Amino acid sequence: MELTLFNSLTRRAEPFVPVHEGEARVYTCGPTVYNYPHIGNMRAYVFADVLGRALSFKGYKLTHVINITDVGHLTDDADEGEDKMERMAAAQKQSIWDIAEHYKQAYWADVRALNIRQPAQWTVATDYVPQMIDFAKGIAGKHCYELDSGLYFDVSTVADYGRLARAQTEDGEGRIEAVEGKRNAADFAIWRKTPPGETRQMEWDSPWGKGAPGWHLECSVMSGAVLGFPFDIHTGGIDHREIHHPNEIAQNQAHCCTNGLDDAANSGAKVWMHNNFLVERSGKMSKSSGEFLRLQLLIDKGYHPLAYRLLCLQAHYRSELEFSWEGLGAALTRLKRLVMAVEQLKTRAEQTAPAAPGPRFQPFLERFDAAVSDDLNTSVALTVLEDVAALKKVDPAEKLATLAAMDAVLGLDLLNLTRADLRLRPKSAEITETEIEATLAARKEARAAKDFARSDALRDELAAKGVEVMDGDPLGWEWKLG
Ligand code: AMP
Ligand code: ZN
């Protein structure tokens, strides 16, 4: 089955043709580590992870790079506002380096919790500043001009500027020309000078004075340095299709060729892929609201993080996905069913030798491959996996091997998760599992002795502590907190 991927540059699904035979080189725009990521941010990395896993499944040797932005990302993606890192450091009265370290670790914890594979390399922006200065020097003469505030890229010097965004080059909508002297509204700073009389916590010497690199420059430099131009696939959230990625592309063109984008290789990466947003009606997705939606909040409320991963897989990455607690609960139930099926299977398969999927499973593997190859249709792939889990009268070891092959793409960690793992105690719960189990055992005894008054009293006692007893739950769950 041929792998097709939707390329934002052409707005078409295209067969994947690697630049280097048998290889896939992927760059993912990573987080700006000035705050905790929200679960919408993490959707972008779940998507990139599934892409990487799918490329591995299709037999390509994957080199995946994700960057960590610790300097240069302003509060507005265009050229307005303050550096996000500087602002947070000032607010928390800490050094930028400490802020970056803290939030990088928090991001990595979410990466692990969501079973996102480690990329070949995490590139940290501040490690690449000399390369950024070299890159900027290389394109400055033909493509840039200097203003008091920095070195600016003139977007009129490359062909097809903004094609990725399908935006108008002139007077790009929503871009306020606040920097005096800019030649085009869409021109952007690739080097921001430290204003006279000020010192920034992060600044470097450059031919344009002390200052810091622009965010767009960072990604051009790190992707090219590690993967080489042109590489195969560049990913990010859909918002990056409008400003950040068009600007990266313009720099890449300036660096390599300035030719138009009809030859996709001139953009630095051949395929540009974007995940759509996770949305939430009440505004909890915004990091500026108090209790915003972090993965840890989901865990604190008793939802296993992989239930969130499954929620993401249920939607196509190019569709908007609406978050709700009900939806997350349903995803958790779906995950529980799968985990229980695999647990039973593991016990049965222990009695037989490990196996590879036999002919009985081939049609399922083909359907799975077709779904994955169709621009990563994970929602269909998931139902194929469930069809396999439901198969009766088949060899358990072969079935297990088939599920493992499928989960290698979906990444739900089905072969390691246990029922017990999925039952997280909400942080607010005051009762321990041992207490719950003891009360339930007492209740069982009371019921056996037909002492229903006592059995009901024990049930009410648990309810008062936030434990719901689930008699006859189809999944065999005896209780839940919530
Ligand atoms: P940032 O740390 O702000 O640079 O964002 C990290 C990644 O998350 C980027 O790829 C964004 O495009 C992406 N992103 C931001 N908000 C959302 C959202 N609500 N849903 C999905 N992806 C998002
Ligand atoms: Zn980027």
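Heads up: numbering here begins at 1 and tracks the sequence. Computed from a predicted structure; not experimentally measured. Each ligand, and each atom within it, is numbered from 1 in the order the structure gives.
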For atom 9 (C) of ligand 1, the protein heavy atom that lies nearest, with its residue and separation: H240 NE2, 3.4 Å
Polar atom proximity, L278 to ligand 1 (N or O, under 3.5 Å): yes
Polar proximity ligand 1 side, T32 side, N/O cut 3.5 Å exclusive: yes
Stepwise ring-ring contact (aromatic ring centres under 6.0 Å, His included) check, H102 with Y36: CA-CA 9 Å; H102 177 78; Y36 296 106; 5.7 Å; yes
Distance-only N or O hit between ligand 1 and G40, under 3.5 Å: yes
Exercise: do Y107 and N41 side chains pair donor with acceptor under 3.5 Å: no
Contact (N/O only, under 3.5 Å) between G237 and ligand 1: yes
Atoms in ligand 1 flagged as close to N275, the criterion being non-hydrogen separation under 4.0 Å: 21 (C), 22 (N)
Atom indices of ligand 1, in the order listed, that fall short of 4.0 Å to a heavy atom of N276: 21 (C)
Side-chain heavy atoms of R43 within contact of Y308, under 4.5 Å: yes
Verdict with reasoning, M222 to L227, per side-chain contact (heavy atoms from CB on, under 4.5 Å): CA-CA 8 Å; M222 291 187 279; L227 298 175; over 6 Å; no
Check: R163/S267 side-chain N/O donor and acceptor closer than 3.5 Å: no
Residue pair Y27 / N67, side-chain donor-acceptor N/O under 3.5 Å: yes
I68, N41, L293, V33: member with heavy atom nearest to atom 14 (N) of ligand 1: N41
Contact check, side chains of L328 and F323, non-hydrogen atoms, under 4.5 Å: yes
4.0 Å heavy-atom contact, H38 with ligand 1: yes
Backbone or side-chain N or O of D239 under 3.5 Å from ligand 1 N or O: yes
Heavy atom of V279, distance to ligand 1 below 4.0 Å: no
Distance-only polar pair, side chains of S220 and N252, donor-acceptor under 3.5 Å: yes
The Zn ion (ligand 2) contact by H245, N, O or S atom under 2.8 Å: no
Donor + acceptor pair across side chains of D70, Y103 (<3.5 Å): no
Residue P31 vicinity, atoms of ligand 1 by number, heavy atom under 4.0 Å: 2 (O)
Protein heavy-atom partner closest to atom 6 (C) of ligand 1 - residue, atom, separation in Å: Y45 OH, 3.1 Å
F6 vs E14 side-chain heavy atoms within contact, under 4.5 Å: no
H244 NE2 and C219 SG subtending at the Zn ion (ligand 2) (10° steps): 110°
